[in-house]
Amino acid sequence: MSRVLIVGAGLTGSICACLLRRELQSKVQIVVWDKSRGAGGRMSTSRPPNASSHSADLGAQYITTTPAYAQSHHSFYSELLSAGVLQPLSCQIEGLRQKDDSKNYMTPLGMGSVVKHFLSESGADLFFEHHVTGLYRRGASWEVEKKAGGRETFDAVVLTMPVPQILQLQGDVEELLSVHQKQQLDGVVYSSRFAVALFFSPDDVFSFSWGARYVSDSRCICYIAADSRKRNLDSPGLGPSLVIHTSVPFGLEHLERDKEDVQPIILEELHRLLPDLPQPISIKCQKWRYSQVLTSVPDCPGHMTVLDQPLLVCGGDAFCHSNFDGCVESALSMLSALKASL
């Protein structure tokens, strides 16, 4: 039985694990490591500190697909819709620039439920707070080092974390990358932004009618969402939650500052935009150093094979494009490399 490590429990890693299980079934042991305390990556859903409020999507907000991808990825959409993980997005979104032929979907249980669905289907051995710091080639296998100490051996390794984190790995990765591959990886550019979730008491009601709004008259805030409205949820006893995303220029300007110092600036601007907003019972701020991919690997190959034997492959939205369908494309691409190697 081949032992495969997938680094990153985000969307690409979870789909790759699911596809690998369905293709190779009991011929492979799939292990997923993530440095965070939970699954989701940039599709994570945050629970409120107080259980009296709705959860909030601090990363991706909803899924948009084109007719071409709706057809080529039909099995993925059909599976998620049948399982109730996805539903058509029907709330009012102010300022949305929508192409007439694209479709939007939301997640009743939050965006993290998409990742959790595929991880559950994969039957993978899932470990959190496992921060990979080094990869060392040992004959026909890889020895993988964790920040907390200890090493484990695998027959193949799949890296799905942001490209700068791949380039920071110690061990044999750097010397195995060709000059051309290094140039391609060095050229990947991400946007950075802050996201803030505000959680409210069950008695609080928003005075505005929209579910989400794209903001055009602010240098700081570019998007606001009432998460329970976005998901068509009306749960008695649960207070609403509000999500704020900052603009790319604001995120870049304040990137090296502590999120605790940036949070008051965002909240002050939010009060200007929504002066009637009730007082939240709790607030959570998230810094996304690697938000959306602005410049991906040229020609969007889906993955990059660093070594064939033992297999080391990199994937994720940086190797395709930064949305749900891009992650599906990357996972399908990596699956081909894994099947050829194992």
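Starting from 1, each residue takes its place in the sequence as its number.
- Remark: His245 engages Tyr223 in a ring pair (Phe, Tyr, Trp, His ring centres under 6.0 Å) (not counting sequence neighbours).
- The closest side-chain heavy-atom distance from Tyr105 to Thr107 is not below 4.5 Å.
- The main-chain N or O of Arg257 is found under 3.5 Å from a side-chain atom of Lys287 such that the two form a donor-acceptor pair.
- Here the side chain of Thr160 pairs no donor or acceptor atom with the backbone of Thr12 at under 3.5 angstrom.
- Between the side chains of Arg193 and Thr246, no donor-acceptor pair of N or O atoms lies under 3.5 Å.
- Under 4.0 Å is where a charged nitrogen must lie from a carboxylate oxygen, and between Arg3 and Glu143 no such pair does.
- Leu311 and Val132 end up in different hydrophobic clusters when Ile, Leu, Val, Met, Phe, Trp and Tyr side chains are linked at under 4.5 Å.
- Looking only at atom types and distance, the side chain of Ser282 has no donor-acceptor partner in the side chain of Asn50 under 3.5 Å away.
- When all heavy atoms of Gly40 and Val115 are compared, the closest pair comes out as N-CG1, 3.8 Å.
- Ser178 meets the side-chain contact (heavy atoms from CB on, under 4.5 Å) test with His180, Gln181; sequence neighbours excluded.
- No continuous path of ILVMFWY side-chain contacts below 4.5 Å connects Val85 to Leu89, so the two sit in separate hydrophobic clusters.
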(request) Starting from the C-alpha separation in whole Å, work towards a yes-or-no answer on side-chain contact (heavy atoms from CB on, under 4.5 Å) for Val7 and Ile166. (result) CA-CA 10 Å; Val7 182; Ile166 295 173; over 6 Å; no
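- Checking Ser44 against Arg37 by side-chain atom types alone, no donor-acceptor pair falls below 3.5 Å.
- Under a 3.5 Å cut-off, the side chain of Asp57 and the backbone N or O of Gly59 do not form any donor-acceptor pair.
- Looking only at distances, a side-chain donor or acceptor of Ser53 sits under 3.5 Å from a matching main-chain atom of Phe200.
- Relative to the ring axis of Tyr136, Arg151 places its NZ or CZ within 45° and under 6.0 Å from the centre.
- A donor-acceptor pair under 3.5 Å links the side-chain atoms of Ser247 to the main chain of Phe250, judged by distance alone.
- Look at Arg219 and Glu269 and you find no salt bridge, because none of the NZ, NE, NH1 or NH2 atoms lies under 4.0 Å from a carboxylate O.
- Between Tyr69 and His73, the ring-plane angle classifies as parallel under the 30° and 60° cut-offs.
- For Lys146, the side-chain contact (heavy atoms from CB on, under 4.5 Å) criterion is met by Trp33, His130, Glu152, not counting sequence neighbours.
- The closest donor-acceptor contact from the side chain of Ser341 to the backbone of Leu338 lies at 3.5 Å or more, if one exists at all.
- One N or O on the side chain of Lys182 and one on the backbone of Glu174 form a donor-acceptor pair closer than 3.5 Å.
- Among residues two or more places apart in sequence or in another chain, the side chain to side chain donor-acceptor pair (under 3.5 Å) test is passed with Ser36 by Asp34.
- Ser241 pairs by the side chain to side chain donor-acceptor pair (under 3.5 Å) definition with nothing, not counting sequence neighbours.
- For the side-chain contact (heavy atoms from CB on, under 4.5 Å) test, residues two or more places apart in sequence or in another chain that qualify with Arg137 are Trp142, Asp172, Leu307, Pro310.
- Formation of a donor-acceptor pair under 3.5 Å by the Thr45 side chain with backbone atoms of Met111 is found in this model.
- One hydrophobic cluster, built from ILVMFWY side chains closer than 4.5 Å, cannot hold both Leu255 and Val188; they sit in different ones.
- Remark: Leu20 CG to Ser2 OG distance equals 9.0 Å, nearest 0.5 Å.
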(request) List the steps, then state whether salt bridge (Lys or Arg N to Asp or Glu O under 4.0 Å) holds for Asp317 with Arg42. (result) CA-CA 11 Å; Asp317 56 353; Arg42 284 166 283 163; 3.0 Å; yes
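- When all heavy atoms of Met304 and Leu177 are compared, the pair lying nearest together is SD-CD2, 4.2 Å.
- When only modelled atom types and interatomic distance are considered, Gln98 and Ser102 share a side-chain donor-acceptor pair under 3.5 Å.
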(request) Show your reasoning for whether side-chain contact (heavy atoms from CB on, under 4.5 Å) applies to Phe319 and Met334. (result) CA-CA 11 Å; Phe319 299 85; Met334 289 192 293; over 6 Å; no
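- Checked for salt-bridge contact, Glu23 and Lys339 meet the test: a charged N lies under 4.0 Å from a carboxylate O.
- Between Pro202 and Ser52, the shortest heavy-atom distance links the atoms CG-O, 3.6 Å.
- Taking hydrophobic clusters as Ile, Leu, Val, Met, Phe, Trp and Tyr residues chained together by side-chain heavy-atom distances below 4.5 Å, Leu11 shares a cluster with Ile30.
- The CG atom of Leu267 sits 8.0 Å away from the CD1 atom of Ile221 when rounded to the nearest 0.5 Å.
- Minimum interatomic distance between Asp325 and Thr64 (heavy atoms only, all atoms of both residues): OD2-O, 3.9 Å.
- Across Ala83 and His117, no two heavy atoms sit closer than the pair CB-CE1, 4.1 Å.
- Here the side chain of Ser122 pairs no donor or acceptor atom with the backbone of Ala17 at under 3.5 angstrom.
- A search for side chain to side chain donor-acceptor pair (under 3.5 Å) contacts involving Asn232 returns Ser90, not counting sequence neighbours.
- In plain terms, the two heavy atoms of Val32 and Gly8 that are nearest each other are CG1-O, 4.1 Å.
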Which atom pairs, donor and acceptor, lie under 3.5 Å between side-chain atoms of residues 294-301 and protein residues at least two apart or in another chain?
from	atom 1	to	atom 2	distance (Å)
Ser296	OG	Cys320	O	3.3

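- The side-chain contact (heavy atoms from CB on, under 4.5 Å) test applied to Pro108 returns Gln87, Met106, not counting sequence neighbours.
- Applying the ring pair (Phe, Tyr, Trp, His ring centres under 6.0 Å) criterion to Tyr62, with sequence neighbours excluded, gives no partner residue.
- Contacts classified as ring-ring contact (aromatic ring centres under 6.0 Å, His included) and involving residues 262-318 (residues at least two apart or in different chains) are given here: Tyr190-Tyr290.
- Within the 3.5 Å criterion, the main-chain N or O of Ala68 finds a donor-acceptor partner in the side chain of Ser72.
- The line from CD1 of Ile93 to CD of Gln61 is 9.0 Å long, rounded to the nearest 0.5 Å.
- Distance check, rounded to the nearest 0.5 Å: CG of Asp155 to OG of Ser141 gives 6.5 Å.
- Remark: Ser46 engages Lys284 in a side chain to side chain donor-acceptor pair (under 3.5 Å) (not counting sequence neighbours).
- A donor-acceptor pair shorter than 3.5 Å cannot be found between the side chains of Glu329 and His321.
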